[in-house]
Enquirer: 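Let me give you the structure first, and then I'll get to my questions.
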Amino acid sequence: PLPARRSTQPLALDMASKPRFTGLWAPTSAPVGAAGTKPSVNASALGRVMRHVAAHNKVVECEELWDAHRRQQQQESAHPAATDPRARPPRG
């Protein structure tokens with residue numbers, strides 16, 4: 001059995017009175033899609049998203065560079081004479 005609720009308000013009113021995250025766009029008084037309206041931006045949320053995207057891009061770039069390095073190392077280990085600058089050209 002569920003514990004008894006202490007609030008006398010219905011659940012819908014409880015949820016409506018609590019502050020909630022509204023996303024990147026701060027609430028505006030104009031209706032959505034009204035002509036000439038521009039939604040205001042929650043600057044701190046947008047800044048967090050931009051820092052997250054920049055960090056993600058750095059991680060992806062680093063992984064790509066390491067993958068390229070590993071592929072190069074594998075090619076060199078498979079054909080050491082072809083990549084060694086000290087190797088002599090074949091005679092013939």
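Quantities reported herein were computed from a predicted structural model and do not represent experimental measurements.
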Enquirer: Which distance, rounded to the nearest 0.5 Å, do you find between the CH2 of Trp66 and the CD of Gln73?
Expert: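 The CH2 atom of Trp66 sits 9.0 Å away from the CD atom of Gln73.
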Enquirer: Please enumerate all residues that pass salt bridge (charged side-chain N to carboxylate O under 4.0 Å, His left out) together with Arg70, with sequence neighbours excluded.
Expert: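 Result, salt bridge (charged side-chain N to carboxylate O under 4.0 Å, His left out) vs Arg70: Asp67.
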Enquirer: Tell me every residue that passes side-chain contact (heavy atoms from CB on, under 4.5 Å) with Gln72, counting only those two or more places apart in sequence or in another chain.
Expert: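 Applying side-chain contact (heavy atoms from CB on, under 4.5 Å) to Gln72 gives Glu76.
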Enquirer: With side-chain contact (heavy atoms from CB on, under 4.5 Å) as the test, would you mind laying out the steps for His56 and Val60 before giving the verdict?
Expert: CA-CA 6 Å; His56 170 77; Val60 169; 3.6 Å; yes
Enquirer: Is there a side-chain contact between Arg48 and Ser44 in this structure, where contact means two heavy atoms from C-beta onward sitting under 4.5 Å apart?
Expert: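 Yes, at least one pair of side-chain atoms sits under 4.5 Å.
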Enquirer: By the salt bridge (Lys or Arg N to Asp or Glu O under 4.0 Å) test, which pairs, at least two apart or in different chains, include something from residues 53-66?
Expert: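 Listed once each, the pairs would be none.
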Enquirer: For His52, what residues pass the ring pair (Phe, Tyr, Trp, His ring centres under 6.0 Å) criterion, not counting sequence neighbours?
Expert: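 His52 satisfies ring pair (Phe, Tyr, Trp, His ring centres under 6.0 Å) with no other residue.
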